[in-house]
2 protein chains.
Amino acid sequence: MRATVKDVARRAGVSPKTVSNVMNGIVPVSGATKFKVEQAILELDYVPNLSARGLRNGRSGVIALALPDLATPYSAEIAHNVVEVAHEQGWSVQIEETGSDPRREYELMSRARSNLIDGLILNPVVLDESAVKVGVSLPPVVLLGEVSQKLADRVWVDSVAAARDMTLALARTGRRRIAVLGTAEGRGSAAAILRTRGYHAALEELGIDRDDSLLIPCEKWTPQTAAAALASYLDSHPLPEALFCFTDSMAIGAMSVLWNRGISVPGDVAVAGFDDIADGQYAVPSLTTVSFDKRQVASEALRLLTERMADRTGEQRVVTLDYRIVERDSTRG
Amino acid sequence: MRATVKDVARRAGVSPKTVSNVMNGIVPVSGATKFKVEQAILELDYVPNLSARGLRNGRSGVIALALPDLATPYSAEIAHNVVEVAHEQGWSVQIEETGSDPRREYELMSRARSNLIDGLILNPVVLDESAVKVGVSLPPVVLLGEVSQKLADRVWVDSVAAARDMTLALARTGRRRIAVLGTAEGRGSAAAILRTRGYHAALEELGIDRDDSLLIPCEKWTPQTAAAALASYLDSHPLPEALFCFTDSMAIGAMSVLWNRGISVPGDVAVAGFDDIADGQYAVPSLTTVSFDKRQVASEALRLLTERMADRTGEQRVVTLDYRIVERDSTRG
DNA sequence: AGGAAAATTGTTAGCGCTCACAGTTGTTAG
DNA sequence: CTAACAACTGTGAGCGCTAACAATTTTCCT
């Protein structure tokens, strides 16, 4: 049978409360007592029962991270950083995938309310409007990325500015017919809308007329869908001079199609992405992209979350992270 | 204040136990009572406290998944599948990263023993010997991948056979000087040893003499390290006819180096990987690899885990998954 | 209708932990 | 040597839930 505080207390010749004090370190304990207790803990191989502690304290030490799809490199990198930073601060991380199934939202919220979770970091991509449900009965929530609502604390990169800068960078290499891949035809995601806006802003600045035939729609931001979208686009349109993909993943899918068709990158067309996922560095050719510090995404999200746990009353806060354009081979020459 | 079973019971005019019975559905409850209780639950917006349930039942409904590094595409795909399958079966998944820091091992085990976790799926790569600690005081453990010890249930792909088959497949395209990337110089990981063994077995079958200068060591299996290892290898060795990388990630790093040096794949050298990560499909050129069903890895691991929860006495079991060689552009022609 | 068996609901207790508060010991000053 | 205070340790209760058991009601025979 597992040892409990009682067993440890008995063995150390103290009360359960003293054992608790030793473990938590808030209430001071004399050196001798502390030693006895620690000895007993080792001898009995005692490990505290976190369920009991969670019940008593109302906090579990676990936060949830909800991402659309863990298999996506971007999500994976975010998850990696969140897990790492959280771990350093003593948190455990429970992963939830929201996928494209809207029912998961509700399940997620229920889980989040079930006291096994002290806070929630949510990266809404498909489920933009889910944030609406962020109510008082939920634990603190921090949103990652572009979201239209202003209902929770948020960490993001200014997509409009970044997309504008990337478009300008592409223009600086002498290309004018710049296409974008990843726009939405109907009501798209917030990210799609903002990045398209930045692209348009740059064109205006450059004095280039908008040409809607250079908007290549692609609802889902994966290599598969991007490849398919680009392939069918090329069947009926001339090759643009540059291709700004709203995601590195899409850029990788796009470059695969271009290579298969014998179109040279960057010789025939320059390609750029967004997110700076690790694979972009090793893509062939290496991928120009919008880079930002994903570890900072994680640490800022966790900071907002823990601060919100301490004080649930304040204003909604937004942290805007720095970004920079990283030029690699896919746009050179 | 949050509603509790008591509140629900009072409102429904029944006892707390009846509420519990309605929720768990094991003990039969009459239709009328059930309706009253469900009504009360809705009205009070009641959500059960999982900490309390966990304390009472001794089970939390959470399993842990421990991977070396979530940012790795392979790990990410495994995590995605485990989370998905676990979710379908009503489990939550807590992610732990073991990284290369051995201290994490101990922390992981402590966590695992702290009753917040009902089981553990562990993918040991660096920490091969960690499995030694799999003792009776731990929750059930399932190991993923090649492990030398036989101390826990395990799901894996036969690396020896797969590496042998891949080597044979490369030879079938007419190449004889086949190099492997990812061998270990000292005491390597179990996977490195087994895959090297399979490679050697194939050479023997083919009647090709071993040439140890075709073993390119690379301790850490990432694109970065693979790129560095291959680059320095090429500085002092002639180009082999084929390059079998022990991991798709390494193959992607390798192809990046080859492209930078103007070496054509598959024209000058064929390249193959192992794992069939999604990126391999969109690599330039698309990557020949050893493929296996990652969803099946997840579902088998979960099956073993739940069966082990029910009966902790039986023999250690090993599930060996099917694999197949998928030939793509990187080895064609 | 009477009684036994079956079906349903209620009561009690405690999972392991830590909070509030009460109690005990050691320390210093008058 | 005693009073006043600090520093530490013990006591009791309860977080919310459900297992075992007890009590009650319903159902079905004869």
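A note on names: the letters A, B, ... follow the listed sequences, proteins ahead of strands, and every chain is numbered from 1. Hydrogens, waters and symmetry mates are skipped; everything else that's a heavy atom, side chains included, is used.
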A.B. asks: Should the pair B/Lys36-B/Glu43 be classified as a salt bridge under the 4.0 Å nitrogen-to-oxygen rule?
C.D. replies: no

A.B. asks: In terms of side-chain heavy atoms of A/Val14, which of C/dT9, D/dG10, C/dT18 is nearest?
C.D. replies: D/dG10

A.B. asks: Return yes if some donor-acceptor pair links the side-chain N/O of B/Asn81 with the main-chain N/O of B/Glu77 below 3.5 Å, else return no.
C.D. replies: yes

A.B. asks: Heavy atoms from C-beta onward define the side chain here; which of D/dT18, D/dC17, C/dC17 lies closest to that of B/Ala52?
C.D. replies: D/dC17

A.B. asks: Nearest to the B/Lys17 side chain among C/dT11, D/dC17, C/dC17, which nucleotide is it?
C.D. replies: C/dT11

A.B. asks: D/dG16 C1' sits how many Å from A/Leu116 CG, rounded?
C.D. replies: 12 Å

A.B. asks: For A/Asp7 and C/dC17, give me the distance from atom CG to atom C1', rounded to whole Å.
C.D. replies: 13 Å

A.B. asks: How would you label the contact of B/Ser51 with the nucleic acid (heavy atoms, under 4.0 Å): base, sugar-phosphate, or nothing?
C.D. replies: nothing

A.B. asks: A/Leu50 has an atom CG; how far is it from atom P of C/dT18, in whole Å?
C.D. replies: 9 Å

A.B. asks: Would you tell me if any nitrogen or oxygen in the side chain of B/Thr18 comes within less than 4.0 Å of OP1 or OP2 on C/dG10?
C.D. replies: yes

A.B. asks: Among C/dT18, D/dG16, D/dT9, which nucleotide has an atom closest to any side-chain atom of A/Asn57?
C.D. replies: C/dT18

A.B. asks: Quick one: does B/Arg308's side chain get under 4.5 Å of B/Gln316's, heavy atoms only?
C.D. replies: yes

A.B. asks: Given C/dG10, D/dC17, C/dC17, identify the nucleotide with an atom nearest to the side chain of A/Arg56.
C.D. replies: C/dC17

A.B. asks: Checking contacts here: which listed nucleotide (C/dC17, D/dC17, D/dC15) is nearest the side-chain heavy atoms of A/Leu55?
C.D. replies: D/dC15

